[in-house]
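As structure tokens, the structure follows; a few thoughts come after it.
Computed from a prediction, not measured in an experiment: that's the story for all the values here. Letters A, B, ... mirror the listed sequences (proteins, then strands); counts begin at 1.
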Amino acid sequence: MKLATWNVNSLRVRLPQVLDWLKAHPVDVLCLQETKITDDRFPFMELAAAGYEAVTAGQKTYNGVAILSRHPLSDVVRNNPLYVDDQQRIIAATLSDIRVICAYVPNGQAPATEKYAYKLAWLSAFHDWVEQEKHQHPRLAILGDYNIAPENRDVHDPAAWEGHALVSPPERDAFSRLTALGLKDAYRLFEQPESGYSWWDYRQAAFRRDMGLRIDHILLSEALSKQCTGCTIDREPRSWAQPSDHAPVIAELKP
DNA sequence: ATGGCGGGTTGGACCCGA
């Protein structure tokens, strides 16, 4: 069983890459963020032809999430029932006995902005809901763009990033509060390459210079983390023409 | 220091991402 997450930054633009990637990496589940497409325009047919059913929480222009799966999905929940939010950032579904949450955490812009306050409030409510979900579904996986680099080793230049959104202590605390619920950062269950980043800015030739951050994560409940045999970031699509600025992250579970 | 790239929008300067 392979679970993956990818912020595609517009599914309309990236659909060919998603299909190519799925052909080479036929994962069981792929969580997408920043689809930037309404549900009535979602490419259900193209994905079905590739063997994937999809559930979506779409939105025009911004945000938008989806779960693609080779297996039937049930019990779909859109948005956080504990938090009123007109931005489509969460979708959850069950496949066989695994509960999957796909999340696109707000960016936060910069400390002391309204967007930063929204991010922290959003994360606090997300924590409370995840706590409930975990009680209901002990086999829980949360995949997505967390917009948080949990530690300095997840940042190419921690000094340059100090004081910025994505690395600030309150955001990292919010991430720790999630893991304190008994969720493991799948990537850190294993030995990893030194620069294990999942996002590189489009500007400054950041990818070529490997100026990245690791902000896309797969959190696994205890039961699932014990079955996890690997977690990798596939940076190859970031090197393609017209790429997303994020790379896919993949976790493998064995029975 | 600023903006740099890329996607989107009801049409082309501006918002947003991270």
Side-chain angles (χ1 to χ4, degrees), chain A residues 5-18 21 31-43 56-66 85-90 102-123 126 143-175 187 195-217 233 235 237-249:
Chain A
T5 180
W6 193 5
N7 179 323
V8 290
N9 186 19
S10 169
L11 185 57
R12 196 176 315 204
V13 172
R14 230 67 65 188
L15 180 62
Q17 294 191 14
V18 170
W21 190 81
C31 294
L32 300 178
Q33 301 86 37
E34 283 204 90
T35 55
K36 296 185 177 178
I37 197 166
T38 50
D39 293 347
D40 59 312
R41 297 184 174 212
F42 194 88
T56 60
Q59 181 184 337
K60 193 176 167 185
T61 312
Y62 303 120
N63 312 308
V65 287
D85 190 359
D86 57 5
Q87 304 189 21
Q88 300 302 315
R89 296 179 174 278
I90 292 173
C102 170
Y104 175 45
V105 177
N107 168 282
Q109 194 180 41
T113 63
E114 261 180 45
K115 287 177 187 168
Y116 184 83
Y118 164 64
K119 181 179 192 174
L120 293 184
W122 192 99
L123 282 164
F126 186 64
L143 302 91
D145 175 359
Y146 288 71
N147 269 320
I148 300 170
E151 301 176 74
N152 278 349
R153 60 176 165 164
D154 301 312
V155 181
H156 70 93
D157 186 348
W161 274 87
E162 194 170 354
H164 287 81
L166 315 192
V167 306
S168 74
E171 292 164 87
R172 286 177 166 176
D173 287 349
F175 189 83
Y187 191 75
S195 63
Y197 308 133
S198 69
W199 170 85
W200 300 260
D201 200 299
Y202 284 121
R203 297 162 289 189
Q204 290 187 301
F207 181 65
R208 184 177 56 72
R209 300 159 70 191
D210 203 17
M211 299 165 59
L213 301 180
R214 190 176 70 95
I215 55 177
D216 300 86
H217 309 298
I233 300 171
R235 62 168 63 201
R238 186 64 179 80
S239 70
W240 294 348
Q242 203 177 8
S244 167
D245 41 357
H246 294 254
V249 186

Taking atom C1' of B:dC15 as reference, at what distance in whole Å does atom CG of A:N63 sit?
13 Å
Return no unless some side-chain N or O of A:R14 is found under 4.0 Å from OP1 or OP2 of B:dG7.
yes
Would you call B:dG4 syn or anti, using the 90° rule around 0?
anti
Looking only at side-chain N and O atoms, does A:R14 offer a donor or acceptor that is under 3.5 Å from a partner on A:N7?
no
Once you apply a heavy-atom cut-off of 4.0 Å, does A:Y104 come out as touching a base, just sugar-phosphate, or nothing?
sugar-phosphate
From OH of A:Y202 over to C1' of B:dG7, roughly how many Å is that when rounded to an integer?
7 Å
For the pair made of CD in A:Q88 and P in B:dG8, what is the distance, rounded to whole Å?
18 Å
If I take atom NE2 in residue A:H164 and atom P in nucleotide B:dG17, what distance separates them, rounded to the nearest angstrom?
15 Å
Could you tell me if A:Q87 and A:Y62 have a donor-acceptor pair between their side chains, going purely by distance under 3.5 Å?
no
Using the C1' atom as the point on both nucleotides, what is the distance between B:dG12 and B:dG6, in whole Å?
16 Å
Counting only side-chain nitrogens and oxygens, does A:Q242 get under 4.0 Å of the OP1 or OP2 atom of B:dG7?
yes
Relative to the 5' end of DNA chain B, which residue comes earlier, A:K36 or A:G108, by the nucleotide with the nearest heavy atom?
A:K36
Measuring from the side chain of A:Y62 (C-beta onward, heavy atoms only), which nucleotide among B:dC15, B:dT10, B:dC5 has the closest atom?
B:dC15
With A:L123 as reference, evaluate A:D173, A:I148, A:N147 under the side chain to side chain contact (heavy atoms under 4.5 Å, CB included) test and give the passing residue.
A:I148
Between A:D39 and A:T56, does any side-chain donor sit less than 3.5 Å from a side-chain acceptor?
yes
From CG of A:N7 over to P of B:dG6, roughly how many Å is that when rounded to an integer?
16 Å
Rounded to whole Å, please give me the gap between CG in A:L11 and P in B:dG6.
19 Å
B:dG11 to B:dT2 separation - C1' atoms, rounded to the nearest Å:
28 Å
For atom CD of A:E151, is the number of surrounding heavy atoms from other residues, nucleotides or ligands below 6.0 Å larger than 12?
yes
To the nearest angstrom, the CD-C1' distance between A:E34 and B:dT9 comes to 15 Å
Taking the P atom in each of B:dT10 and B:dG4, what is the distance between them to the nearest angstrom?
22 Å
5'-most contact on DNA chain B (nearest-nucleotide basis), A:Q204 vs A:D145, goes to A:Q204
Verify whether one side chain among A:D154 and A:Y187 offers a donor that lies under 3.5 Å from an acceptor in the other.
no
Out of B:dC5, B:dG8, B:dC16, which nucleotide sits closest to the side chain of A:R203?
B:dC5
Between B:dG17 and A:K115, is there an OP1 or OP2 to side-chain N/O distance shorter than 4.0 Å?
yes
NA contact type, A:D201, heavy-atom cut-off 4.0 Å: base, sugar-phosphate, or nothing?
nothing
What's the gap between B:dA1 and B:dC15 when it is taken at their C1' atoms, as a whole Å value?
22 Å
To the nearest Å, how far apart are A:N9 CG and B:dC5 P?
15 Å
